[in-house]
Undergrad: 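The structure follows.
Counting starts at 1 for both ligands and their atoms, following the listed order. Just so we're clear, the structure is a prediction, and the values are computed from it rather than from any experiment. FYI, the numbering just counts along the sequence from 1.
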Amino acid sequence: MLKILPPNISNLIAAGEVVQRPASVVKELVENSVDAGASSITVLIEDAGKTLIQVIDDGCGMTPEEARLCFERHATSKISDAADLSSIVTYGFRGEALPSVAAVAEVTLRTRKRGTETGSETVMTPSGLVSQEEAAMPEGTNIAVRNIFYSLPARRKFLKSDNTEMRQIIAEFSHVALCRPEVGVRLVHNKKDVYNLKKANTLKQRILEIEGRDMVKELIDISTSTTIIDISGFVGNPSDARRTPGNQYFFVNGRFFRSPYFHRAVMKAYDKLIPEGSYPSYYIFFSTRPGNVDVNIHPAKTEVKFENETEIFEILTAAVKEALGRSSFIPTIDFDHDSLPDLPAPSRFNYRPSTAPAKSFRSGGYDPILPEPVRMQPVQEQSGTEKYGAEQLDRASAVNGYGEIFEDSGLSGAGAMLQMSGRYLVTTLRSGLLVVDIRRARERIFYERYLRQLDNAAPLAHQVLFPCRLRLTPEKYALLTEDAAQLLQLGFDIVPEEDCTVAVKGLPEGFGTDEEAVRAAVDDLTAALAETGSLNLLKAGIRENIAARLARAAASSGQSGRLSGDEARLLVDTLFSCAEPETSPSGHRCMLVLTEDDIERQL
Ligand code: ADP
Ligand code: MG
C-alpha cells in the first residue's frame, strides 16, 4: 500500500542528511546567526557537543510565531519565489536545518525580535512542541541543543571520541570565522575558551588570530577580477609550507568548500617552490554570480559545482603564480640541490664509530642516530616477545645473506663509498655496484626502529631538547595532549601548557632539533594522529601507519649535507641489518644492484 510518510519519520530521514554529527548542528546554527545579521556569536559546547550545543547571537531574532514556524519543514524567511533561488546570498534557504535538529535532539529556542519588548522560549523534542512561554532576554537568539541522538542509540554510538568530534566542530567554526572577520566569534568547550575572536578589521588579522602568529610568517595577497569569477584572499610564503595539510581553504560566495581539483591548480603555481609532499597554506575566496555555482548538491556536504571549472582552474593558477612572483620568492628558492656545489656540509648525524662500545639507549647517554651496526649473531632481546625474537632471527639471516654479496666480509667495511649529489651512496659488491638511496634507506631504518619501540612496552629514551615552545591550533593541541604516555613511548616528550601551547622536550631519534625541525616533527605527528583517529596503538595497522609516517618525516628531517665516510658505511650496514632492506616502508626501492652482466650489456 502506497502511503505518505508521517511527518516525524520524514523529518528523521531528512535529519540524517543534515545532522550527521554535533559539528553539523554547530554549522547550521552559526550560519543561521550570520544570516540573522549578528555582529557577535558565541558557541558553547559541552562534551564535544554530545551533551550541549548552544549558540547565542545578537541578530534579528524571531517573533513567537516565527519561533514556532521555524521548526516546520521548508519554513524559511530567506526565499519566497523561484527567481530568488538563483540569487541566494544567505547560507540557508531550504528551511531544513532546524526541523532536522529538532528531530534528533531536545531544543530550547529563546529569541527576541529586534525592536520588540519581550522574547519567547520554545521547547521542542523529537515528538514535537513541548511548550512556548514568554521570556525576558536581550534582542537576538539563544538556541540550546541538548543530548543529540538521545532517542537514536545507534546514531549516538556512531559518534567518535570527544577529541574527534570537537575537531570537526572547531573546523566548522573556523570556516565561518574566516568568512566573516567582521563578526566577533567565540567558541567555548567545557567552560574553557577555544577561540575568542574579536571583530577583526581585515581578513588577514582574523587569519593570524586563528592560526596563531607563528603559524603564518607571511601571507601574500592574491586578487584577480575576471568576467567569470573574482578571486581574492591570501596564499602562504613557500617557505611556510608544511608537510601536513591544514590551512587550505576555499570559499565561494562566503561558503567553505572542498575541491581537490582547485587544490591542484594552486599546487601547480607552487610547483618547484616547495618540497615535494608539502602543502602551502591558502585562504582563497571566489566570488561569482550565484547562478554560476551550484552549492545545492547536498545539504551537508561541502562540494560545489562550478559552471566554468576549467577556465577557473587556469585563472586560479595564474593568480597564485602572479602573487608568488610579485613577492619575488621565486628566484631566491632553489630546491634543485643537484646544481649546488657538492661541498661537504657539517653532518647532522651523530653516532659513535662501530668499534666504540655503544651506550645503551636506557643509560641516559646521547642516542646514536644510527645504532651499532650489523650484528652477525642473533641477539636475545631482554624485553622482547616471541614474535620479536623471531623477527630478530630473520634480520640476522638477512644480514648473513647480504654479507656474502659485499667485496669484503666486513660488509661494506672496506669497499670505497662514493656519494652522488647527497642522494645516493655507491659502493662495490663482489660482482657489481650497489647504489643506495640515502633518504629511503633512512626511512626503512627508522621505520623498523619505531615499530620495535612501539612493540616494547618500556618508554623510549629520546633526544632531550632545550624545551621548544610551540603555539598550536586548538585542533592540533587537542590531538597532542590526548595521551601523553603513549606519545612518550614513541619518543615524543610533549608537555601541554596554557593557551594552546606545548613544550616539546624530547623527540624520537632521527628528527632534527632546531625549531623548524621540531615544528615539522610535531606537524608530522599530528598528521599521523589525525589520520589514524586515535593513539590506540594496539589496533591493527595503526602502529605501522604511525611508524611509517614518522620514519618518512625523520628521514627527510635529518637529510641534509653529505655523510662522512663512516656515516655512509654505517648507514649501509644498518640498512642491511633491517628485516626488509630492499624497499622503503612506502614500497619504493632503497637500492639498486648493477651486476657485471648489467654493466657489460650497457657498455
Ligand atoms: P534556513 O536557514 O534554510 O532558512 P533553518 O531551518 O536553518 O532554515 O531556519 C529556519 C528559519 O528560522 C530561517 O529562515 C530564519 O528565518 C529563522 N532563524 C533560524 N535561526 C535564526 C536566528 N539565529 N536568528 C533569527 N532567525 C533565525
Ligand atoms: Mg539555516
Undergrad: Is the count of non-hydrogen atoms from other residues, nucleotides or ligands lying under 6.0 Å from F158 atom CZ greater than 12?
TA: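 Open.
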Undergrad: Report the member of K113, M62, E66, R73 with the shortest heavy-atom distance to atom 27 (C) of ligand 1.
TA: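 Going through K113, M62, E66, R73 one by one, M62 has the nearest heavy atom to atom 27 (C) of ligand 1.
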Undergrad: Quick one, I169 with L187, criterion side-chain contact (heavy atoms from CB on, under 4.5 Å). Give me CA distance, side-chain angles, the key distance, then yes/no.
TA: CA-CA 9 Å; I169 289 176; L187 175 64; 4.3 Å; yes
Undergrad: Report yes or no: does E28 have a heavy atom closer than 4.0 Å to ligand 1?
TA: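 No heavy atom of E28 comes that close to ligand 1.
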Undergrad: Just wondering, are more than 12 heavy atoms of other shown residues or ligands nearer than 6.0 Å to CD in E134?
TA: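 12 or below, so no.
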Undergrad: Do D35 and ligand 1 have an N or O pair less than 3.5 Å apart?
TA: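 There is no such contact.
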Undergrad: Regarding atom 24 (N) of ligand 1: of the candidates I56, T141, T111, L109, which has the closest heavy atom?
TA: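 It is T141 that holds the nearest heavy atom.
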Undergrad: Does an N or O from G61, backbone or side chain, lie closer than 3.5 Å to an N or O of ligand 1?
TA: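 Checking ligand 1 against G61, no N or O pair falls under 3.5 Å apart.
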Undergrad: Please check if the number of heavy atoms outside R258 that lie under 6.0 Å from its CZ is greater than 12.
TA: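 Count not over threshold, so no.
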Undergrad: Between ligand 1 and D57, is the shortest N or O to N or O distance under 3.5 Å?
TA: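 Among all N and O atoms of D57, at least one is under 3.5 Å from an N or O of ligand 1.
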Undergrad: Using atom types as modelled and distance alone, determine if a side-chain donor or acceptor of R180 lies under 3.5 Å from a backbone N or O of V185.
TA: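 No; zero donor-acceptor contacts below 3.5 Å.
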Undergrad: Counting each atom of ligand 1 from 1 as listed, which ones have a heavy atom of P99 under 4.0 Å away?
TA: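 Answer for ligand 1: 6 (O).
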Undergrad: Does ligand 1 come near enough to A97 that some N or O of the ligand is less than 3.5 Å from an N or O of the residue?
TA: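 For ligand 1, there is an N or O atom that lies under 3.5 Å from one belonging to A97.
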Undergrad: Between R110 and E121, is there a side-chain N and carboxylate O pair less than 4.0 Å apart?
TA: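 Between E121 and R110 there is a salt bridge, with a charged N closer than 4.0 Å to a carboxylate O.
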